[in-house]
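In each ligand, atom 1 is the first atom listed, and ligand 1 is the first ligand listed.
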Amino acid sequence: MEDSIQYVLHHSTLRLPAGRGTGVSTMARVQFEQGPIRPPSEAYSLLLRVTRNCPWNRCEFCHTYKKEKFSLRSVEEVKKDIDAVQVIVSEVRALSWRYGFGGEVTVPLVNLILKDPEHQEDGFRSVALWLYEGGKNVFLQDGDNLILKTGQMVEILEYLKKTFPSIERITTYARAKTVSKKRVDEVGELHRAGLSRIHIGLESGYDFLLQYMKKGVTACEHVEAGRKVKESGISLSEYVILGLGGKGMWREHALETAKVLNQINPDFIRVRTLKVLKTMPLYRKIEEGEFVPLTDDEIVEEERLLIQHLEGITSTFVSDHILNLLQEVEGRLPEEKEKMLKSIDRYLALGNDEKNNFRLGRRIGIYQSVEDLSKPGLRDRVDKVLHQVESERPGGIEKVLSDIMESFI
Ligand code: SF4
C-alpha cells in the first residue's frame, strides 16, 4: 500500500506535498524555477517552468495564480534551467556514489535525500524523484504554454530532448482558447519536436456555466481546440470539474460536458471535484447564496449522468484527483462504461450511515474504494473516528470532511 506522502503525490496537483514554497529552488551553485502545480499524473515528472502563472487568471473556481502576474520566460532563461537540472542530476549521481549506491538512484537514496536537511530544496528533491522514476517524463509549467511562439516552444523542446535523451514524454497545460487560435500544422510541429501530451481544463461543456465561471472559452472553441490537438497526433487530456454546476446547473453541466467530450474524443477524460476555498472568487457567490454547491451524493449522481451520456468515444476515464470520492470509477470507454456505472450505483445504494462511514474513511485514507467497506476491521476503525467526530467537533462530519478536502488543495 502507498504511504501517505506517495498517496498525496499521486493524487494531488501540488508539485510537492510540502507546499508551494517560493517557486525557486536553490542549491549552492545552481537554481531552476518551478511553478506551484502540476496534474496528479505528473507526480514524478520533472517540472520545468516555461511561462509564469496564467495569462487569463479570471476563472471563478481557481485561486492558483490569483495573486501572481503572468509573464513569458525567454528561451535562453528556460535553457539555463535545463542546464541547471543537468548539474543537479550530476550532483544526485555523485551523492549516490558517496552513499555507496554506485550512481543508481534507489529507494534508500531517495529516502535519504527526502529526510536530509541539506537537501530540502524542492528542485533537488524533485530531480532525485524524477531520476528514481527513470528520468522519462517532463511536465512544462505553468498554465498556458502554447501562448509561446511555436518556434520558441520547438527550440525548448528540442534542447530538452538533446540534453536528456532518456526523456520519453513531455507534457504541458494549455488553454483551449489559445490552442483554438493555432493552426493544426503548428500544433503538429510541437508534436514533432517532442510534445507528447496537452492537458486542457475543459471544466464544463455548458456555455452558460463557462461564462458564469468566467472560463473565457466557449464549448465550440473547446471542441475546435481538442480536435486540433488530436489531429496533430498529440495525446489529449481533458479535465472536467465535478460539481461545477452546483444545485442550479448540475444537469446541464453533465449533459453538455458529455456532448463536447463526445465531439472531441480525447485520449483521457480526467475528473476532479470542486472544492471552493475562501481565496476563490466563487466563494463570494456561495456566501451570497447565488451558487449552492452539491453534496457528495449529488456530485456522484452528476458523475453518473456524465458517464451515462459519453457515447461513441474511445477515451480513458480517469479519477486520479485526491478530492474525488469514488476513485475506482475509472476505465476505458466504451467497454468499461457499465463497470463504472455499477461502481457508482454501489455507492448510491448504501444507507446513510454507511455512506458517511465511507466518505470519512475515504478522505482519511482508510478506504480506496466502496468495496473496502467489507474488508474486516476497516469499518469499525472508521466508525470509532466517526463517533468521536460527531460528539466532539462542532459542525460534525460535514465540517471535518470539508476541512480535510481544503487541506488537499
Ligand atoms: S485558465 Fe486555468 S489556470 Fe487560468 S485561471 Fe482558469 S483555471 Fe486557473
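Formation of a donor-acceptor pair under 3.5 Å by the K66 side chain with backbone atoms of N57 is found in this model.
Using a 4.5 Å heavy-atom cutoff, the side chains of I156 and N145 are not in contact.
Applying side chain to side chain contact (heavy atoms under 4.5 Å, CB included) to I198 and the options T172, L190, L140 leaves one that passes, T172. S204 pairs with exactly one of E252, H253, E256 by the side-chain hydrogen bond (donor to acceptor under 3.5 Å, both in side chains) rule, that one being H253.
Atoms of ligand 1 lying under 4.0 Å from at least one heavy atom of Y65, given by number and element, are 3 (S).
If you check the side chains of E238 and H222, you find no donor sitting under 3.5 Å from an acceptor.
Of all protein N, O or S atoms, those under 2.8 Å from atom 6 (Fe) of ligand 1 number 1.
Using a 4.0 Å cut-off between charged nitrogen and carboxylate oxygen, D403 and K399 count as a salt-bridge pair.
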